[in-house]
Protein chains: 2
Amino acid sequence: MTNSEAIYIEKLRNSGLRPTKQRIRICEVLFNREKTFHFSINDLMKIIQTKTNEKISLATAYNTVHAFKKKGYLKEINIGNEISYFDTNTQSHHHFYDNQTKELVDINSGDVEIKKIPTPPNGKKIIDAEITFKISKE
Amino acid sequence: MTNSEAIYIEKLRNSGLRPTKQRIRICEVLFNREKTFHFSINDLMKIIQTKTNEKISLATAYNTVHAFKKKGYLKEINIGNEISYFDTNTQSHHHFYDNQTKELVDINSGDVEIKKIPTPPNGKKIIDAEITFKISKE
DNA sequence: TAACTAGTTTATAATCATTCTAAACTACTT
DNA sequence: AAGTAGTTTAGAATGATTATAAACTAGTTA
Ligand SMILES: [Mn+2]
Ligand SMILES: [Mn+2]
Ligand SMILES: [Zn+2]
Ligand SMILES: [Zn+2]
């Protein structure tokens, strides 16, 4: 067992899931990366089918990803169109979003600062603030 | 013909649509307001069925709203879930979003300021920046 | 080992928002 | 009146997501 496989197994157990080969394959795609990974369920399915020759079912992909989201290992992002993206960067952070390519890119927290913060409606409090910078070809 | 009806007709004509009674009914719901209106297509359908007793077809609602969006009389907003919202405030602006009630509230431009703006990826330029402040019950 | 149990995978069906289609309808022009 | 272009509508199609239920797997107990 590789070192990272042990980490995957821990993530799965923490998420209330048994470490099966399908789920570990999903972990390999999602978490064996240096940089933030933004993906749709469809992206995930295609990568798995390309890398390994086996297929996993759509239901397993959805269930596993949602379990990770619930546990906080993934974040769901809804921007600019009708499908959900998931994000391996689970901290509150800002994005560049290219409407043409539908690509999301993380922005380093230090690179942005919100100066004035508005007063929320009565009886409400602000729990998060995220900026989307729409970008396009120069 | 009322004064605002003349404005609706102009908006429709500008959007390349003939002013029919169904479309004018849609305009009455959308544009006869002081404050910004955020709505889903389903909201629009329900309001029309409640106010007038007649029904208009889903297709007409979608088509008309999309024509207004294309012309710039409405803005489409995708936040936090699987359905589209439309916004009668077509300027670039920030929102409060209550995840429990699914409600959007506009933020006055003067109440927010972004201090540091990040450098976009190579060959790309920033065309818009919008902040979503997630809020919840205090 | 055999039986038992809880959890898992999968194909497929169901759901729901959105878009498409084609037929009936309307308004405007000749 | 006939012709035409545009419109409305019900219902079908699409596509992402969720639910279902039967077959499969792994871990536990006898
Ligand atoms: Mn989801
Ligand atoms: Mn749309
Ligand atoms: Zn991100
Ligand atoms: Zn708004």
Side-chain angles (χ1 to χ4, degrees), chain A residues 1 5 8-9 11-29 38-49 52-71 74-87 102, chain B residues 1 5 8-9 11-29 38-49 52-71 74-87 102:
Chain A
M1 182 188 300
E5 201 171 316
Y8 303 155
I9 290 172
K11 278 190 152 91
L12 287 164
R13 289 240 157 84
N14 285 342
S15 307
L17 299 176
R18 283 189 191 163
T20 64
K21 66 177 196 295
Q22 290 89 340
R23 287 167 178 167
I24 288 184
R25 240 183 268 144
I26 291 173
C27 287
E28 282 162 355
V29 172
H38 301 99
F39 64 97
S40 66
I41 293 289
N42 192 37
D43 294 335
L44 174 58
M45 294 298 286
K46 280 195 293 200
I47 292 169
I48 288 174
Q49 283 168 24
T52 76
N53 261 18
E54 302 170 68
K55 294 165 194 98
I56 71 164
S57 70
L58 239 197
T60 297
Y62 272 101
N63 291 340
T64 306
V65 164
H66 278 128
F68 283 147
K69 178 194 169 187
K70 190 174 177 191
K71 181 63 188 180
L74 291 174
K75 202 166 186 271
E76 191 167 0
I77 311 273
N78 290 90
I79 289 181
N81 66 348
E82 63 290 338
I83 78 169
S84 273
Y85 287 91
F86 293 87
D87 191 334
K102 311 285 183 200
Chain B
M1 181 188 302
E5 201 171 315
Y8 304 153
I9 290 172
K11 278 189 152 91
L12 287 164
R13 289 241 157 84
N14 286 342
S15 307
L17 301 175
R18 284 189 191 163
T20 64
K21 68 177 194 295
Q22 290 90 339
R23 288 166 176 167
I24 290 186
R25 241 183 268 146
I26 290 173
C27 288
E28 283 162 356
V29 172
H38 300 99
F39 64 97
S40 66
I41 294 289
N42 192 37
D43 293 336
L44 174 58
M45 294 297 288
K46 279 194 294 201
I47 292 169
I48 288 174
Q49 283 167 25
T52 74
N53 262 18
E54 303 170 67
K55 295 165 194 97
I56 71 163
S57 72
L58 240 197
T60 297
Y62 272 101
N63 291 340
T64 307
V65 164
H66 278 129
F68 283 147
K69 179 194 167 186
K70 190 174 175 191
K71 182 61 189 179
L74 291 175
K75 201 167 189 269
E76 189 166 1
I77 311 274
N78 291 90
I79 288 181
N81 66 350
E82 63 291 335
I83 77 168
S84 274
Y85 287 91
F86 293 87
D87 192 334
K102 312 285 182 201

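Here is the naming used below: chain letters follow the sequence lines, and residue numbers restart at 1 for every chain. Only heavy atoms go into these numbers, but all of them, side chains included; no hydrogens, no water, no symmetry mates.
Annotation: B:Lys102, atom NZ; neighbour count of heavy atoms from other residues, nucleotides and ligands within 6.0 Å is above 12.
For the pair A:Lys102 NZ and D:dG15 P, the computed distance is 15 Å after rounding to whole Å. Summarising the geometry, the separation between CZ on B:Arg25 and P on D:dT9 is reported as 8 Å, rounded to the nearest angstrom. Residue B:Met45 contributes atom CE, which lies 15 Å from atom C1' of C:dC16 at whole-angstrom precision. Between the CG atom of A:Leu12 and the C1' atom of C:dG7 there is a distance of 14 Å, given to the nearest Å. To the nearest angstrom, P of C:dC16 lies 18 Å from CD1 of B:Ile41. For the pair B:Ile48 CD1 and D:dT9 P, the interatomic distance rounds to 10 Å; values are reported in whole Å. Taking atom CD1 of A:Ile9 as the reference point, atom P of D:dA26 lies 13 Å away to the nearest angstrom. One can place CG of A:Asp43 at 16 Å from P of D:dG15, the figure rounded to the nearest angstrom.
With sequence neighbours left out, the salt bridge (Lys or Arg N to Asp or Glu O under 4.0 Å) criterion links B:Lys11 to no other residue.
No side-chain donor-acceptor contact under 3.5 Å links A:Thr60 and A:Asn63.
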(message) Within the 4.0 Å limit for protein heavy atoms, which parts of nucleotides 8-14 of chain C are touched? Write it as a string from 5' to 3', B for base, S for sugar-phosphate only, - for none.
(response) SSBB---
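Distances shown here put every side-chain N or O of B:Tyr62 at or beyond 4.0 Å from the OP1 or OP2 atom of C:dT19. Here A:Ser40 does not reach the OP1 or OP2 of D:dA16: none of its side-chain N or O atoms lies under 4.0 Å away.
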(request) Apply side-chain contact (heavy atoms from CB on, under 4.5 Å) to B:Leu44 and B:Ile26, showing your working. (result) CA-CA 8 Å; B:Leu44 174 58; B:Ile26 290 173; 4.2 Å; yes
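When distances run from any side-chain atom of B:His66 to the nucleotides C:dT18, C:dT19, D:dT17, the shortest one goes to C:dT19.
Taking both residues in full, the closest heavy atoms of B:Ser40 and B:Tyr85 are given as N-CD2, 3.9 Å, listed atom of the first, atom of the second, then distance.
With B:Phe39 as the fixed residue, the side chain to side chain contact (heavy atoms under 4.5 Å, CB included) test singles out one of B:Ile77, B:Leu74, B:Asp87: B:Leu74.
Using a distance-only test at 3.5 Å, with no hydrogens or angles considered, no donor-acceptor pair links the side chain of B:Arg23 to the main chain of B:Leu12.
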